[in-house]
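Below: the structure, in structure tokens.
A, B, ... follow the sequence lines: proteins, then strands. Residue 1 opens every chain.
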Protein chains: 2
Amino acid sequence: MHITEPTQLFKSLSDQTRLRCLSLLVQQGELCVCELTYALDLPQPKISHHLGNLRKAGLVSDRKMGLWIYYQIHPELAQWVVDMLSISIQGIQTHEPFASDTKQLMNMPNRPENLYSA
Amino acid sequence: MHITEPTQLFKSLSDQTRLRCLSLLVQQGELCVCELTYALDLPQPKISHHLGNLRKAGLVSDRKMGLWIYYQIHPELAQWVVDMLSISIQGIQTHEPFASDTKQLMNMPNRPENLYSA
DNA sequence: TCACTATATCTATATTTGTCGATATGCTAT
DNA sequence: ATAGCATATCGACAAATATAGATATAGTGA
């Protein structure tokens with residue numbers, strides 16, 4: 001499913017939880033739900049719910065790997081959306097909680113990528 | 001008043017009426033409420049209401065000139081916001097109703113700028 | 001002062017959206 | 001088969017938001 005309406009795109013960006021997830025995904029490439037849950041320190045159903053919103057909006061794609069589901073920025077976004085996201089994420093890195101989220105993710109013990117990738 | 005939270009910024013962009021107004025303002029520089037009302041073909045109170053939202057969010061500024069109130073993109077926006085807006089507005093120009101709005105504005109008879117500026 | 005125009009605000013209502021907790025699905029390993 | 005973990009979805013409720021229409025404010029010109 002692709003983004004049809006620009007309005008819908010910005011609606012997806014207009015929630016703090018979703019923006020925090022997107023910020024990490026833009027920076028880190030691919031993350032599973034448990035990593036986002038840890039980094040943002042929020043209940044898992046809440047994270048899943050907002051990832052579902054981003055998925056429906058066509059902003060992220062997911063792939064299943066064993067027990068984990070990895071999300072990434074959708075690889076087929078229109079170029080202007082990619083540029084817009086990139087500029088925005090960079091712009092908000094000076095704001096909280098976006099900066100702390102990245103640090104928190106780096107402190108996560110036993111990240112699934114470390115166990116199963118490579 | 002300045003934009004404090006990125007979330008609030010995107011919330012302002014997430015409404016079709018506001019996005020249409022911003023699109024015209026980015027392109028045209030300065031417009032009064034009656035021009036926006038004509039271009040978008042929507043009730044005046046609705047336009048005013050959404051302009052109020054954009055004003056509170058710090059995205060636009062207004063100045064009174066006689067009977068008219070002119071709005072423009074706020075001249076003191078953070079650079080990343082200016083860039084983000086510019087890329088976004090350019091990106092959505094291929095979508096409706098944004099393209100038609102510009103045409104409709106160009107067809108407006110007796111635009112106040114033509115009468116009072118220069 | 002009066003009538004007219006442009007704009008903003010108010011009130012009520014309807015809709016959308018977020019949140020929470022519980023539960024369901026589905027994979028993995030024993 | 002059973003237990004345990006990761007994730008998604010569901011149902012109820014609360015909060016935020018958009019809309020419409022009526023009305024208020026304020027500038028202009030006769």
Side-chain angles (χ1 to χ4, degrees), chain A residues 1 5 7-22 25 30-57 60-72 108-117, chain B residues 5 7-22 25 30-57 59-72 108-117:
Chain A
M1 184 173 304
E5 291 301 319
T7 301
Q8 181 53 51
L9 161 64
F10 291 113
K11 206 165 282 182
S12 281
L13 300 182
S14 73
D15 176 88
Q16 172 116 311
T17 303
R18 292 194 290 269
L19 202 48
R20 291 168 77 186
C21 289
L22 284 174
L25 290 172
E30 212 178 24
L31 294 169
C32 73
V33 180
C34 64
E35 290 175 300
L36 291 167
T37 301
Y38 184 92
L40 273 59
D41 192 25
L42 289 174
Q44 172 270 317
K46 183 169 177 174
I47 301 282
S48 277
H49 175 250
H50 286 292
L51 286 172
N53 175 304
L54 293 171
R55 198 182 337 111
K56 270 191 209 156
V60 301
S61 66
D62 61 334
R63 94 189 149 93
K64 207 168 278 193
M65 260 198 72
L67 218 42
W68 292 270
I69 300 186
Y70 288 92
Y71 282 84
Q72 62 177 346
M108 180 176 180
N110 301 325
R111 288 177 62 183
E113 291 165 326
N114 299 331
L115 297 171
Y116 290 88
S117 70
Chain B
E5 291 302 318
T7 301
Q8 181 53 50
L9 161 63
F10 291 112
K11 205 164 282 180
S12 281
L13 300 183
S14 73
D15 176 89
Q16 172 115 311
T17 302
R18 292 194 289 269
L19 202 49
R20 292 168 76 185
C21 289
L22 284 173
L25 290 172
E30 211 178 26
L31 294 170
C32 72
V33 180
C34 65
E35 290 175 301
L36 291 166
T37 301
Y38 183 93
L40 273 58
D41 192 25
L42 289 175
Q44 172 269 318
K46 183 169 177 173
I47 301 283
S48 277
H49 175 252
H50 286 291
L51 286 172
N53 175 304
L54 293 171
R55 198 183 336 112
K56 271 192 208 155
L59 274 167
V60 301
S61 66
D62 61 333
R63 91 189 150 94
K64 207 168 279 192
M65 258 198 72
L67 218 41
W68 292 269
I69 300 185
Y70 288 92
Y71 283 83
Q72 63 176 348
M108 180 177 180
N110 301 325
R111 288 177 62 182
E113 291 166 327
N114 298 331
L115 295 170
Y116 289 87
S117 69

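- Residues meeting the side chain to side chain donor-acceptor pair (under 3.5 Å) test with B:T7, sequence neighbours left out: A:Q16.
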Between the protein and nucleotides 13-15 of chain D, which nitrogen or oxygen pairs come in under 3.5 angstrom?
none

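- Between A:C32 and A:Y38 there is no side-chain heavy-atom pair separated by less than 4.5 Å.
- At a threshold of 4.0 angstrom between heavy atoms, the contacts of A:L67 include nucleobase atoms, whether or not backbone atoms are also involved.
- B:T17 pairs by the side chain to side chain donor-acceptor pair (under 3.5 Å) definition with nothing, not counting sequence neighbours.
- At C:dA6, none of the side-chain N or O atoms of B:Y70 fall inside 4.0 Å of OP1 or OP2 (strictly under the cut-off).
- In this structure, A:K11 reaches the sugar-phosphate backbone alone: every heavy-atom distance under 4.0 Å involves primed, P, OP1 or OP2 atoms, never a base.
- Contacts of B:T37 classified as side chain to side chain donor-acceptor pair (under 3.5 Å), with partners at least two apart in sequence or in another chain: none.
- By the side-chain contact (heavy atoms from CB on, under 4.5 Å) test, B:I69 pairs with B:D62, B:K64, B:Y71, sequence neighbours left out.
- Using a 4.0 Å cutoff on non-hydrogen atoms, no part of residues 12-22 of chain A comes near DNA chain D.
- Partners of A:P43 according to the side-chain contact (heavy atoms from CB on, under 4.5 Å) rule, which considers only residues two or more places apart in sequence or in another chain, are A:P45, A:K46.
- With sequence neighbours left out, the side chain to side chain donor-acceptor pair (under 3.5 Å) criterion links A:D15 to no other residue.
- Remark: B:R18 pairs with no residue by the salt bridge (charged side-chain N to carboxylate O under 4.0 Å, His left out) rule, at least two apart or across chains.
- For A:L67, there are no side-chain contact (heavy atoms from CB on, under 4.5 Å) partners at least two apart in sequence or on another chain.
- At a non-hydrogen distance threshold of 4.0 Å, A:Q44, A:P45, A:S48 from residues 41-51 of chain A come into contact with DNA chain D.
- When each of D:dA6, C:dA8, D:dA18 is scored by its nearest atom to the side-chain atoms of B:N53, the top-ranked nucleotide is D:dA18.
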